[in-house]
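Accompanying notes for the structure given below.
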Protein chains: 2
Amino acid sequence: MTLELEKMPKQPGRLKIQKRADLVTEEIKQLITQKNLRPGAKLPMEKELQRLFSVSKSTIREALKSLEVQGLITVSTGPTGGATIIEVPLERTFQLLQNYLFFKEVSMEDIYAARRLLEPELAAGSVPFLSDEQLDALEHNIETCQPTSHEPSRLVRQRQADLDFHDILAAANPNPFLRFACELINEMLRRLVVFSTQTPPEEHAKFGCANVKFHAEIAKAARARDSERVRALMRAHMEEASQYVKRLDGRLDGRLILDSEMAPRLRPLS
Amino acid sequence: MTLELEKMPKQPGRLKIQKRADLVTEEIKQLITQKNLRPGAKLPMEKELQRLFSVSKSTIREALKSLEVQGLITVSTGPTGGATIIEVPLERTFQLLQNYLFFKEVSMEDIYAARRLLEPELAAGSVPFLSDEQLDALEHNIETCQPTSHEPSRLVRQRQADLDFHDILAAANPNPFLRFACELINEMLRRLVVFSTQTPPEEHAKFGCANVKFHAEIAKAARARDSERVRALMRAHMEEASQYVKRLDGRLDGRLILDSEMAPRLRPLS
DNA sequence: AAATCCGGTTTATAATGATAAATAGGATGA
DNA sequence: TCATCCTATTTATCATTATAAACCGGATTT
């Protein structure tokens with residue numbers, strides 16, 4: 001009759017015993033927080049990390065993989081290779097957020113309900129901070145959108161350029177959280193919106209023209225540093241766009257975002 | 001509208017050639033999207049996945065690790081074990097988002113700028129959908145917050161409960177995107193806010209009382225199904241809270257969120 | 001002299017096999 | 001009936017080896 005109490009009884013829900021690899025991941029994350037490691041800083045190489053945490057190759061590999069998926073590091077081979085801390089890319093964050101939203105059936109109206117609230121405030125807040133280059137970029141963007149052929153591929157392209165306008169405004173805003181929220185919405189619209197093939201291309205062209213008109217007015221007001229007018233114009237713009245999207249039967253394609261889609265897209269300027 | 005997903009385009013310059021493990025991850029994500037696998041569905045076991053993609057154990061392990069970090073699957077041992085699709089938990093998404101914001105220096109004012117815009121709309125939109133249980137929960141939450149001793153630990157606890165009030169409202173809103181945005185903000189406030197130790201506890205208590213007052217009014221208006229009044233009250237509530245937070249010198253602790261923090265957090269009322 | 005090629009070195013990436021840990025479900029025993 | 005043990009199954013970790021990618025520096029070519 002043996003008396004064995006070594007086995008740790010399962011604490012109901014309280015403290016989950018993590019896997020070794022996950023513990024290593026945590027240690028490294030704490031290291032980043034505590035030593036305030038900035039982008040560009042390098043982690044020790046795999047061999048040394050193995051030694052440091054007394055784990056095997058595959059375990060340290062899983063830990064690094066976890067950090068890589070989280071967008072906190074990149075790993076490269078070669079003599080100067082290994083893990084390097086990076087600033088988490090927006091696209092990666094968008095991808096991970098879309099994993100969450102994938103199961104939620106988000107409609108276009110849902111997105112615009114938030115966009116209507118955020119964009120006017122974002123735009124108004126950006127006005128005092130817009131550089132001359134950014135103001136130029138806004139105006140140049142409008143020219144790019146101007147000629148509207150009815151060819152489907154051009155229509156899609158125009159919608160992309162429309163969103164670039166909003167990204168330029170976002171880039172100038174000093175509030176990183178608001179900026180993030182709006183950039184996220186822009187990214188969702190850019191990548192996930194699909195329109196019914198039924199609607200005639202003329203309707204799409206009308207949508208594009210209406211956008212250009214508003215963008216031109218907004219750019220003008222922005223150049224005049226009139227924050228309140230920009231806010232009002234953007235509010236009207238969002239209101240109208242929301243209506244158009246509804247008429248054109250725009251929908252969000254509920255799918256997971258793949259790494260291969262995240263090709264480095266052209267960043268306006270910042 | 002069809003969506004072309006090319007597997008491995010041979011564009012040599014632009015696209016980065018992915019690692020084998022990442023390719024497997026993509027294949028599995030495509031599988032989830034295409035076969036519309038819902039939470040609960042199981043992936044084949046490791047051995048079979050190895051066979052399926054013709055890769056070694058370590059490769060398939062890395063791919064599964066990636067999906068696990070993304071919150072798309074959980075993996076368990078034993079018979080009937082293996083990878084199971086799950087709905088990405090909000091907490092996981094919050095963790096990944098915080099990785100992004102970690103490098104951005106978000107201030108309390110930044111968060112509240114967005115919160116001021118979103119919460120009134122969220123609350124108003126929730127009103128028609130609040131169940132009797134949820135209305136009861138709102139009122140019960142207020143009672144919980146009522147007695148305010150000046151003990152620091154109780155003050156923190158009260159702020160947590162305050163946020164629960166807003167979570168209840170969020171839960172009733174039919175817009176998953178707006179809901180998500182507000183829940184995210186609540187989670188940030190819950191986990192990352194730190195107050196200066198300088199400010200006297202009386203000030204904190206005053207803050208708590210002011211919150212309770214507004215919550216009581218909001219709950220009353222919600223029971224009366226008066227959406228517009230709820231919107232107006234919430235707007236005033238946010239305005240005031242924003243001022244209090246500024247006075248109390250509330251700050252966001254810029255750090256990375258660890259898995260071990262994401263233990264099932266205390267749900268005060270159930 | 002400048003650019004290019006070409007190996008060697010360093011490092012991650014992938015494959016394989018062996019052992020440990022966790023779990024479910026059935027068998028065992030009071 | 002109930003708790004315990006047993007065992008088969010599957011992941012988790014470790015260890016080792018082999019392969020591939022990136023970089024460095026010297027040799028070769030232009």
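By convention in this document, chain letters (A, B, ...) are assigned in the order of the sequence lines, proteins followed by strands, and residues within each chain are numbered from 1.
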- prompt: ring pair (Phe, Tyr, Trp, His ring centres under 6.0 Å) with Phe165(A): which residues, sequence neighbours excluded?
  reply: His215(A)

Contacts of type side chain to side chain contact (heavy atoms under 4.5 Å, CB included), residue Arg92(A), not counting sequence neighbours: Val69(A), Val88(A), Pro89(A), Gln95(A), Leu96(A), Asp259(A), Met262(A)

message: Please report the distance, rounded to the nearest Å, between CG in Leu23(A) and C1' in dA12(D).
response: 13 Å

query: Taking protein heavy atoms under 4.0 Å as touching, what does nucleotides 13-20 of chain C look like 5' to 3' if B marks base contact, S marks sugar-phosphate-only contact and - marks none?
result: BBBBBB--

query: Rounded to whole angstrom units, what separation is found between the NZ atom of Lys65(B) and the C1' atom of dT11(D)?
result: 12 Å

- prompt: Please give, in whole Å, the distance from dT10(D) P to Gln50(B) CD?
  reply: 13 Å

- line: By side-chain hydrogen bond (donor to acceptor under 3.5 Å, both in side chains), Glu26(A) pairs with (sequence neighbours left out) Ser260(B)

- prompt: Residues two or more places apart in sequence or in another chain: which of them pass side-chain hydrogen bond (donor to acceptor under 3.5 Å, both in side chains) with Glu48(B)?
  reply: none

field: Value in whole Å for how far the P atom of dT10(D) lies from CG of Leu64(B)
entry: 15 Å

message: Let me spell it out: for each of Gly81(A) and Lys47(B), pick the nucleotide of DNA chain D with the closest heavy atom. Which residue's pick is nearer the 5' end?
response: Lys47(B)

- prompt: Would you call Asp110(A) and Lys104(A) a salt bridge, using N to O less than 4.0 angstrom?
  reply: no

message: So, using side chain to side chain contact (heavy atoms under 4.5 Å, CB included) as the criterion, who are the partners of Thr80(A) when residues are at least two apart?
response: none

